[in-house]
Amino acid sequence: FSSVKGFQESTLLPIPYTHNNMSNLHAANAPSHVAGTKKPFTELNSHPMSHTTGPNGDKRAINLCAGQAALPQEVLERASKEFVNTDGSGTSVCEMGYRTQPFHRIMERAETSFRKLLNIPDTHEVHFFNGGATLQFAAVPLNLMGGENEGKAANYLMSGHWSEKARNEAMQFGTINEVAKDPAGLYFSIPPSAEWNTDRDGAYFHYTSADTRQGLEIRDFEFDAIPEGMPIVCDASANLGSFNMDIAKHDVIYSASHKNFSCSGICYAIIRKDLITRKNQMKAMPTMCNWVKFQEAPNKIYNVPVLTAVWLGAMVCEWMIEKGGVPYFEKLAIERSNLLYNCIDSSGGFYRTFVTDEKFRSRMQVVFTIKTGTDDADVKLVEEFLRETNDDLGWLDIRSHPLGLGHDVIRVTMYNHQPIEAITVVRDFMVQFMEKNRN
């Protein structure tokens, strides 16, 4: 091992985290910035706004990441205790063979808790697909635009960055009808359904229930606007479990695990049973996108899933049920987001959101700028806000995309497991920053 890069020759220990080796960070899909300061958390956590205090008195960083998102500390601590000897099996969850009883018990436990949490009806199957939500961007058209639906267009309600991602993938497989497209590409609101240009003969209707980039959320989808019998497909990655979504009225719901349920690696999929069929599948069907192939496999396991993510998700769902289920987390989402929206709306224009209609304001992401967000003085204030929170306090992932302004903006992510104490720290900093820079 002495010749392997990343290990010290004399000790065979990993090279410690240092300022120098962090300065050369690279990632395959990294943004222009890497969130967080180069300073170790231990050098920052003496500042009261750099952290919250966990159940055991330990300091936790202000984690505002949109993916991987914050997870409940109670679950993480339980997982750390059970990781090596999982469920008394004598093996770790990360080394269980997929043909073993302990493995299958975890899969069944994960589905049971997920179904109970969301009240999923028996008309729908649950799958834990590898590949996150992005793989389902392709799997949806591959399973629904072939066979009897060959030649039909698919409707995609355009609502922001992630609806565009889903559309772009689907366009590789057939004709896409873009519903309610914003020519400016900003999507700060959604027009009423009476104005939707839906193809009423389409193969299905797809929408994204929350778009993270600009902070738009659809919690009251207009089902009556969709032609009877047309499957309704929803990417609910950003808000599943945060409000009472009517599962029965949807035909397909999919959600990346790393935002509201677990660590990254899988996609939670809820699919109406009669849609898992070859009659609407395309002829060229990659195995990892083939819903039928997985449904027909023993215990719905065709290949080795990311079991650690499934296992952690089971514990998270059980924890969420113990806390009070979806009603508890909806109340928490309202209280958390209102801490920031009330601060912004009472700031006299110092802070400004992009989505202003309360109907569409996201409870999962509050995205805002300072004053105009474009004047030189205002841009400097935004950058100072980001510098202080990122560099001085070590907040993670507070910087967001320009949203048509030409300059970065501020985004606070608060998925299901974000403690309200962290958002209280954010609100208190916002108040102090405003008081210091109002004039």
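Throughout, residue positions are numbered sequentially from 1 according to the sequence presented. Quick note: numbers below take in every heavy atom, side chains included, and nothing from hydrogens, waters or symmetry partners.
- A donor-acceptor pair shorter than 3.5 Å can be found between the side chains of E222 and S193.
- For the side-chain contact (heavy atoms from CB on, under 4.5 Å) test, residues two or more places apart in sequence or in another chain that qualify with K300 are E111, E125, H127, Q295.
- Ring centers of F223 and H250: under 6.0 Å apart, within the cut-off.
- Looking at residues two or more places apart in sequence or on another chain, you find no salt bridge (Lys or Arg N to Asp or Glu O under 4.0 Å) involving E108.
- One side chain, W162 or T212, offers a donor N or O that lies under 3.5 Å from an acceptor on the other.
- Here R105 pairs with nothing under the salt bridge (Lys or Arg N to Asp or Glu O under 4.0 Å) rule; sequence neighbours left out.
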Solution key, residues 57-74 side-chain donor-acceptor pairs under 3.5 Å, sequence neighbours excluded:
| residue | atom | partner | partner atom | Å |
| --- | --- | --- | --- | --- |
| D58 | OD1 | Q73 | NE2 | 3.2 |
| D58 | OD2 | Q73 | NE2 | 2.7 |
| K59 | NZ | N45 | O | 2.9 |
| N63 | OD1 | C65 | N | 3.1 |
| Q68 | OE1 | S264 | N | 2.9 |
| Q68 | NE2 | H258 | O | 3.1 |
| Q68 | NE2 | S262 | O | 3.0 |
| Q73 | NE2 | E77 | OE2 | 2.9 |

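- The salt bridge (Lys or Arg N to Asp or Glu O under 4.0 Å) analysis of residues 140-154, with sequence neighbours excluded, yields no pairs.
- Take D87 and apply the salt bridge (Lys or Arg N to Asp or Glu O under 4.0 Å) test, not counting sequence neighbours, and it matches R109.
- With no hydrogens or angles considered, no side-chain donor-acceptor pair links N155 and D199 at under 3.5 Å.
- Applying the salt bridge (Lys or Arg N to Asp or Glu O under 4.0 Å) rule to E43 yields no partners; only residues at least two apart in sequence or on another chain are considered.
- Contact of the I270 side chain with the Y268 side chain is not registered, since no non-hydrogen atoms from C-beta on lie closer than 4.5 Å.
- Side chain to side chain, R361 and T353 meet the donor-acceptor criterion of an N or O pair below 3.5 Å.
- Residues K165 and E169 are not paired through a salt bridge, judged by the lack of any N-O separation under 4.0 Å between the basic side chain and the carboxylate.
- A salt bridge is absent between D220 and K359; no separation between the charged side-chain nitrogens and carboxylate oxygens falls under 4.0 Å.
- Legend: residues meeting side-chain contact (heavy atoms from CB on, under 4.5 Å) with S209, ordered by chain and number and at least two apart, are Y207, C234, A236, N239, M245.
- Ring geometry for F294 against F129 counts as perpendicular: the plane angle is over 60°, on a 0 to 90° scale with 30° as the lower cut.
- Note: H206 and Y156 have parallel aromatic rings, judged against thresholds of 30 and 60 degrees for the angle between ring planes.
- A salt bridge is defined here as a Lys NZ or Arg NE, NH1 or NH2 lying under 4.0 Å from an Asp or Glu carboxylate O, and E178 with R167 meets this definition.
- Here the two rings, on F329 and W319, have centers that are under 6.0 Å apart.
- If you check the side chains of K259 and Y415, you find a donor sitting under 3.5 Å from an acceptor.
- Annotation: side-chain hydrogen bond (donor to acceptor under 3.5 Å, both in side chains) contacts of E388 (sequence neighbours excluded): K436.
- Inspection of the E296 and W291 side chains reveals no N or O donor paired with an N or O acceptor under 3.5 Å.
- The pair E330-R219 fails the salt-bridge criterion, with no side-chain N (NZ, NE, NH1 or NH2) lying under 4.0 Å from an Asp/Glu carboxylate O.
- H161 and D211 are not linked by any side-chain donor-acceptor pair at a separation below 3.5 angstrom, with hydrogens and angles left out of the test.
- Shown here are the side-chain contact (heavy atoms from CB on, under 4.5 Å) partners of P231, two or more places apart in sequence or in another chain: Y204, D251, L275.
- Under the side-chain contact (heavy atoms from CB on, under 4.5 Å) criterion, D246 pairs with A248, K249, not counting sequence neighbours.
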Side chains of residues 279-288: which donor-acceptor partners sit under 3.5 Å, not counting sequence neighbours?
| residue | atom | partner | partner atom | Å |
| --- | --- | --- | --- | --- |
| Q281 | NE2 | N143 | OD1 | 2.9 |
| Q281 | NE2 | N290 | OD1 | 2.8 |

